[in-house]
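Have a look at the structure below before the remarks.
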Amino acid sequence: NAGVTQTPKFQVLKTGQSMTLQCAQDMNHEYMSWYRQDPGMGLRLIHYSVGAGITDQGEVPNGYNVSRSTTEDFPLRLLSAAPSQTSVYFCASSDRTGGGYGYTFGSGTRLTVV
Amino acid sequence: GIQVEQSPPDLILQEGANSTLRCNFSDSVNNLQWFHQNPWGQLINLFYIPSGTKQNGRLSATTVATERYSLLYISSSQTTDSGVYFCAVKPSNFGNEKLTFGTGTRLTIIP
């Protein structure tokens with residue numbers, strides 16, 4: 001099925017560990033982004049990419065790295081996990097061509113850092 | 001950055017009732033979207049509506065860009081409408097690719 005696939009769905013990390021959240025889309029979308037969702041704060045943009053090889057920071061980029069080597073994949077790396085990074089992470093993609101583009105979200109990754 | 005305010009923060013309604021959710025934003029936008037997050041956490045795009053009016057079944061949305069607000073209407077509410085509704089906007093500034101979300105309206109439909 002076409003869409004945005006995130007893995008894993010759940011993860012528990014110890015403080016200081018690193019990990020990569022995977023995001024893949026099969027809709028040939030140019031634009032991809034990562035958000036984190038915390039209670040009472042809505043969704044906040046971490047990093048985004050407007051095409052392969054191009055990434056930029058969002059509102060809360062500290063502690064995270066991204067890369068975009070292909071159109072399909074946009075992994076999010078936690079360099080040294082901290083309890084403040086406990087959150088639900090969403091990946092999204094959209095087609096910037098033409099007009100009237102909406103976002104498609106993955107099902108999320110629930111991360112707990114202990 | 002752009003500010004996005006949604007009201008009310010919480011809404012509890014009886015099944016069959018109608019509701020209006022509001023989104024105010026502080027700057028001109030070229031992208032406005034409404035999302036529904038269901039109780040399982042999945043985010044579903046309802047409307048892409050930077051201006052004008054759209055309808056999809058029992059849901060409709062209107063954005064008045066010149067006055068910087070958007071409204072989401074839900075008619076004849078069903079329990080499956082429960083969840084959190086988010087408004088998200090992207091400023092019209094050239095090269096600004098950041099979609100900013102409001103904090104949402106939590107809707108609870110009681111049978």
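Below, read A as the first sequence line, B as the second, and so on, with proteins coming before strands; counting in each chain starts at 1. Small disclaimer: the values here were computed from a predicted structure and weren't measured.
If you chain together hydrophobic residues whose side chains sit under 4.5 Å apart, V84(B) and L46(B) never meet in one group. Hydrophobic cluster membership differs between L79(A) and Y64(A), with clusters built from Ile, Leu, Val, Met, Phe, Trp and Tyr side chains linked at under 4.5 angstrom. I49(B) and V4(B) fall within a single hydrophobic cluster, where Ile, Leu, Val, Met, Phe, Trp and Tyr are joined by side-chain heavy atoms under 4.5 Å apart, directly or via other members. Tracing side-chain contacts under 4.5 Å through hydrophobic residues (I, L, V, M, F, W, Y), one never reaches F86(B) starting from V29(B); they form parts of separate clusters. Taking hydrophobic clusters as Ile, Leu, Val, Met, Phe, Trp and Tyr residues chained together by side-chain heavy-atom distances below 4.5 Å, L72(B) shares a cluster with L13(B).
Interface residue Q57(A): only backbone heavy atoms are found under 4.5 Å from chain B. If you measure heavy-atom distances from Q6(B) to chain A, you find no contacts under 4.5 Å at all. F47(B) does not touch chain A: none of its heavy atoms, backbone or side chain, sits under 4.5 Å away.
For the atom pair CG of L99(B) and CG of L45(A), the computed distance is 8.0 Å after rounding to the nearest 0.5 Å. Note that OH of Y48(A) is 5.0 Å distant from NZ of K98(B), once rounded to the nearest 0.5 Å. How far OG of S94(A) is from CG of N31(B): 7.5 Å, rounded to the nearest 0.5 Å. Taken to the nearest 0.5 Å, the OG1 atom of T100(B) stands 11.0 Å off from the CG atom of L43(A).
A cation-pi contact links K90(B) to Y31(A), judged by a cut-off of 6.0 Å to the six-membered ring centre and 45° from its axis.
Annotation: Q17(A), atom CD; neighbour count of heavy atoms from other residues, nucleotides and ligands within 6.0 Å is above 12. Sparse packing is recorded around CZ of R106(B), with 12 or fewer heavy atoms of other residues, nucleotides or ligands lying under 6.0 Å away.
In this structure, the salt bridge (Lys or Arg N to Asp or Glu O under 4.0 Å) partners of R44(A), at least two apart in sequence or on a different chain, are D38(A).
Counting heavy atoms from C-beta outward, Q42(B) and F90(A) have side chains that stay 4.5 Å or more apart.
Chain B forms more heavy-atom pairs under 4.5 Å with one residue of R110(A), Q37(A), E59(A) than with any other, namely Q37(A).
Taking the six-membered ring for Trp, Y103(A) and Y48(B) have ring centres at least 6.0 Å apart.
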